[in-house]
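For ligands, and for the atoms within them, numbers begin at 1 and follow the listed sequence.
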Amino acid sequence: MKRLFVAFINLFRIPTDNMPLVRAQFDAFSKQIPLLYFILTTNSLAAAWTFTRFAPDWLGVYFPSALCTLCGVRCVWWWRSRHKVFSDTYIIKAMRATTGLAVGLTLGFTIWALLLYPYGDAYARGQVVFCLALTVIGCVFCLMHLRPAALAVTLFANIPFVLFFFLEGHDSLKAISINLALVSVAMIMILMVYSRDFARLVESQAETRRLSDENFRIANLDSLTDLPNRRWFFTELERYHAEAVASGRSFAVGIIDLDGFKPVNDTYGHMTGDRVLAEVGRRLSRTAGKDLTLARLGGDEFGFIMANDPTEDRLKAFSTTLIEAIRLPFAIGGSNAHLGASIGVARYPDTAQSPESLFERADYALYHAKRTQRGQVVVFSSRHEEQIRSHGVIEQALQAADFDNEMSLVYQPIVDTRTGRASTFEALARWNSPILGAVGPGDFIPVAERNGQVRALSLILLGKALRAAAQWPQTVRISFNLSAHDISQAESVIQIIALINQSGVSPKRIDFEITETSISYDFQQARAAVIAFRALGVGISLDDFGTGYSSLSHVHRLALDKIKVDRSFVADVTTNPVSHKIVKSLSALCTDMGLDCVLEGVETAAQLEALTDLGCTFVQGYYFARPMPEEDVQHYLESEDKLPSRRRMGK
Ligand code: C2E
Ligand code: CA
Ligand code: CA
């Protein structure tokens, strides 16, 4: 009995523990409100119109006017709030109030109808019965989505109605009241089934939405770092772009690329690599905060989007904090690994108009950072724009170039300060393009690296260098620059070795110069290449030493045999005590490690003197000779024999 009572009471409850359902009910029911009041007022007006002749004014005019005014007020209120978004608590309150109002109005109209009834003639009474039944059925239909109100209306209208007409005594009225009672029971059952089906429908819609949200989340999430992925990044980029176009405001795109991740991945394995990437993701999102869009673009590349008119200073400062966060050591096993990051940034609308070209610009700035300002941020500027334009021109000419005819080499001696003689000639590429004229290697080598032509180019140039070296005395070595692409693929290493073997030049006379950038490209492969070359007897020099970072560990782990100290240290060795100190300790370190050390870019006698005083053995630079064509190498070597060595060394 008690359970039945509880079940009965529950029928009138609003399911506050299931807000999606309550909201769906509220939305559906809100749409019916005007119709509900339309039914109420038309029926009341029809009855009132008939009864003004029979009933006193308070019952025939004022009472229905008051009820209809109440309906009108409620309708206006509904109209005004139809587009508002309501809170959960408001909705629950509104639904309870509506149920209360429904009870009040039902009682009001029912009492009014029953009070009117005795005043009418047979026809008018018939109209009251008809109106009352019609109104109840119409209202219950309109309140279908608000079960408590629908049930209340059914009960509070029908119980007095059935009792009243049953007790009236007339047979046909008795029949009507029994009829209405049975129809009401049927209506309640329909209502129950409907509200159960409605709840199920809402639930299944919610489930579908949840599944599609989950699918969306998974499709847009990088599982390793839990950051949004590349797909999401580009969707967001489009959105930011559309917003910026509409609002006239600016935003920026940044691409973050880790420096030195590959060696960590290669040395410690992919599992550790993954853990490091996840930690990088955490550090980046912690530093970036919630307002910034951050994503993993793939591999060791991340991206961010900064909105709200970021200035160049703000972008630089922010990027620097990201880089600093990545520079902190990563604990791996018992030891610490160190990474760096380079960032390229481009701003809308100053550097690009479309999202795609904005991303490309940021990528270009990143490429620039990687090559020239490793571990720093580069913001895309008009200077880069000019470069891209000229690179585009170079790229086209390079694609049409006949390497064999247009490419040549010049040779610059590396001098042994102990003898004053050239121990080695470094081969440096020159391009005489029929379209562009003379183009420097600093301009076309990076383009060839980017468009994948550099391997073919290297093989042609190496062939030329070896043919030249074959003509030189056996004591003179040849040094050749290799790019990252030459040593990052086993196939090209094999081709290079085959070329050496065919050339007739002893591998022991050959040095390859590689840069730190080319090693960090793919450390394991670079290591394998170095091992293969050294096994053949070829020497390996680390070029531009000092411009990258953590180079010394590379020297150690790669078993290189020579380093070439970048010419930036030599340039101010006589004026800057720091450079002087660096050169001093580097040369001491080389002696300790049994490495040869070459100082590049010697231009003056004073620089040479400072270097020889520091015990440097090998030097190279304009002071001795500019890079010269092949035919001049013989003359240079012959002229060495004619000069006393002291004079040649500037003493
Ligand atoms: P690098 O290997 O560091 O070559 C030294 C560059 O410094 C050469 O410029 C050379 O002409 C210049 N140089 C030599 N002595 C002095 C000096 O006393 N003062 C100054 N200011 N500069 C001096 P170049 O020939 O324009 O080559 C530029 C870069 O292009 C090279 O830098 C090298 O990285 C690359 N490169 C040149 N030839 C090749 C090649 O055949 N293959 C590859 N992969 N890269 C090459
Ligand atoms: Ca070089
Ligand atoms: Ca160099």
Q: For Ser483, counting its heavy atoms only, list the atoms of ligand 1 lying under 4.0 Å from any of them.
A: 44 (N)

Q: Between Arg230 and Phe233, is NZ or CZ placed under 6.0 angstrom from the six-membered ring centre and within 45° of the ring axis?
A: no

Q: Which protein heavy atom lies closest to atom 42 (N) of ligand 1, and at what distance to 0.1 Å?
A: Asn481 O, 3.3 Å

Q: For ligand 1 and Ala429, I'd like to know whether there is a polar contact (N/O to N/O, distance under 3.5 Å).
A: yes

Q: How about atom 21 (N) of ligand 1: does it have a protein heavy atom within less than 4.0 Å?
A: yes

Q: Could you list the atoms of ligand 1 found under 4.0 angstrom from a heavy atom of Asp544?
A: 3 (O)

Q: Can Glu385 and Arg361 be counted as an ion pair, charged N to O under 4.0 angstrom?
A: yes

Q: For ligand 1, is any non-hydrogen atom under 4.0 Å from Leu461's backbone (N, CA, C, O), its side chain (CB onward), both, or neither?
A: side chain

Q: Is Gly601 near ligand 1, meaning one of its heavy atoms is under 4.0 Å from it?
A: yes

Q: Between Asp259 and Lys370, is there a side-chain N and carboxylate O pair less than 4.0 Å apart?
A: yes

Q: Among the N, O or S atoms that Glu513 has, which is closest to the Ca ion (ligand 2)?
A: OE1

Q: Are any of the protein's heavy atoms under 4.0 angstrom from atom 32 (O) of ligand 1, yes or no?
A: no

Q: From the N, O or S atoms in Glu426, identify the one nearest to the Ca ion (ligand 2).
A: OE2

Q: Check Glu279 with Arg283, please: is the shortest side-chain N to carboxylate O separation under 4.0 Å?
A: yes

Q: Of all the atoms in Glu600, is at least one N, O or S atom closer to the Ca ion (ligand 2) than 3.0 Å?
A: no

Q: Tell me whether ligand 1 is touched by Arg626 - counting only heavy atoms on the residue side and a distance under 4.0 Å.
A: no

Q: For Ser458, is at least one N or O under 3.5 Å away from an N or O on ligand 1?
A: no

Q: Of the backbone atoms (N, CA, C, O) and the side-chain heavy atoms from C-beta on, which set of Pro627 has a member under 4.0 Å from an atom of ligand 1: side chain, backbone, both, or neither?
A: side chain

Q: So for Lys564, does at least one of its heavy atoms come nearer than 4.0 angstrom to any atom of ligand 1?
A: no

Q: Which ligand 1 atoms are under 4.0 Å away from a heavy-atom of Glu603?
A: 17 (C), 18 (O), 19 (N), 20 (C), 21 (N)

Q: Got an N/O contact under 3.5 Å between Tyr622 and ligand 1?
A: yes

Q: Give the name of the N/O/S atom in Asp543 that lies closest to the Ca ion (ligand 3).
A: OD1

Q: Could you check if a side-chain atom of Val598 sits within less than 4.5 angstrom of a side-chain atom of Ser541, using non-hydrogen atoms only?
A: no

Q: Ignoring hydrogens, just give me the one of Gln620, Met407, Glu449, Gln412 whose non-hydrogen atom is nearest atom 15 (N) of ligand 1.
A: Gln412

Q: Can you say whether the rings of Trp472 and Phe425 are parallel (under 30°), tilted (30 to 60°) or perpendicular (over 60°)?
A: tilted

Q: What residue and heavy atom of the protein are closest to atom 7 (O) of ligand 1, and at what distance?
A: Arg567 NH1, 2.7 Å

Q: For the residue pair Thr351 and Leu358, establish whether any side-chain heavy-atom pair is separated by less than 4.5 Å.
A: yes

Q: Nearest 0.5 Å, what's the CD-OG distance between Glu513 and Ser479?
A: 3.5 Å

Q: What do you reckon, is CZ of Arg455 surrounded by more than 12 foreign heavy atoms closer than 6.0 Å?
A: yes

Q: Under 4.0 Å from atom 9 (O) of ligand 1, can you find at least one protein heavy atom?
A: no

Q: Under a 4.0 Å heavy-atom limit, does Leu428 contact ligand 1 with its side chain, its backbone, both, or neither?
A: both

Q: Has Asn481 got an N/O/S atom less than 3.0 Å from the Ca ion (ligand 2)?
A: yes

Q: Nearest to atom 35 (C) of ligand 1 by heavy atom, Pro441, Ala427, Ser541: which?
A: Pro441

Q: When you compare the side chains of Asp313 and Thr311, does any donor N or O come within less than 3.5 Å of an acceptor on the partner?
A: no

Q: Looking at Gln634, I'd like to know if its CD atom is crowded, meaning that more than 12 non-hydrogen atoms belonging to other residues, nucleotides or ligands lie closer than 6.0 Å.
A: yes

Q: Closer than 4.0 angstrom, basic N to acidic O: yes or no for Lys262 and Asp300?
A: no

Q: Gln412 and side chain to side chain donor-acceptor pair (under 3.5 Å): which single residue from Glu426, Gln620, Glu600 fits?
A: Gln620

Q: What do we get for Asp543 next to ligand 1 when only non-hydrogen atoms under 4.0 Å count, side chain, backbone, both or neither?
A: side chain

Q: Tell me yes or no: between the side chains of Ser579 and Asp572, is some donor less than 3.5 Å from an acceptor?
A: yes

Q: What N/O/S atom of Asp544 gets nearest to the Ca ion (ligand 3)?
A: OD1

Q: Would you give the length of the straight line joining atom CG of Asp511 to atom CZ of Arg477, rounded to the nearest 0.5 angstrom?
A: 4.0 Å

Q: Hey, which atoms in ligand 1 end up nearer than 4.0 Å to a heavy atom of Glu600?
A: 3 (O)

Q: In terms of atom number and element, which parts of ligand 1 are under 4.0 angstrom from non-hydrogen atoms of Glu426?
A: 2 (O), 4 (O)

Q: Under 6.0 Å between the ring centres of Phe359 and Phe234?
A: yes

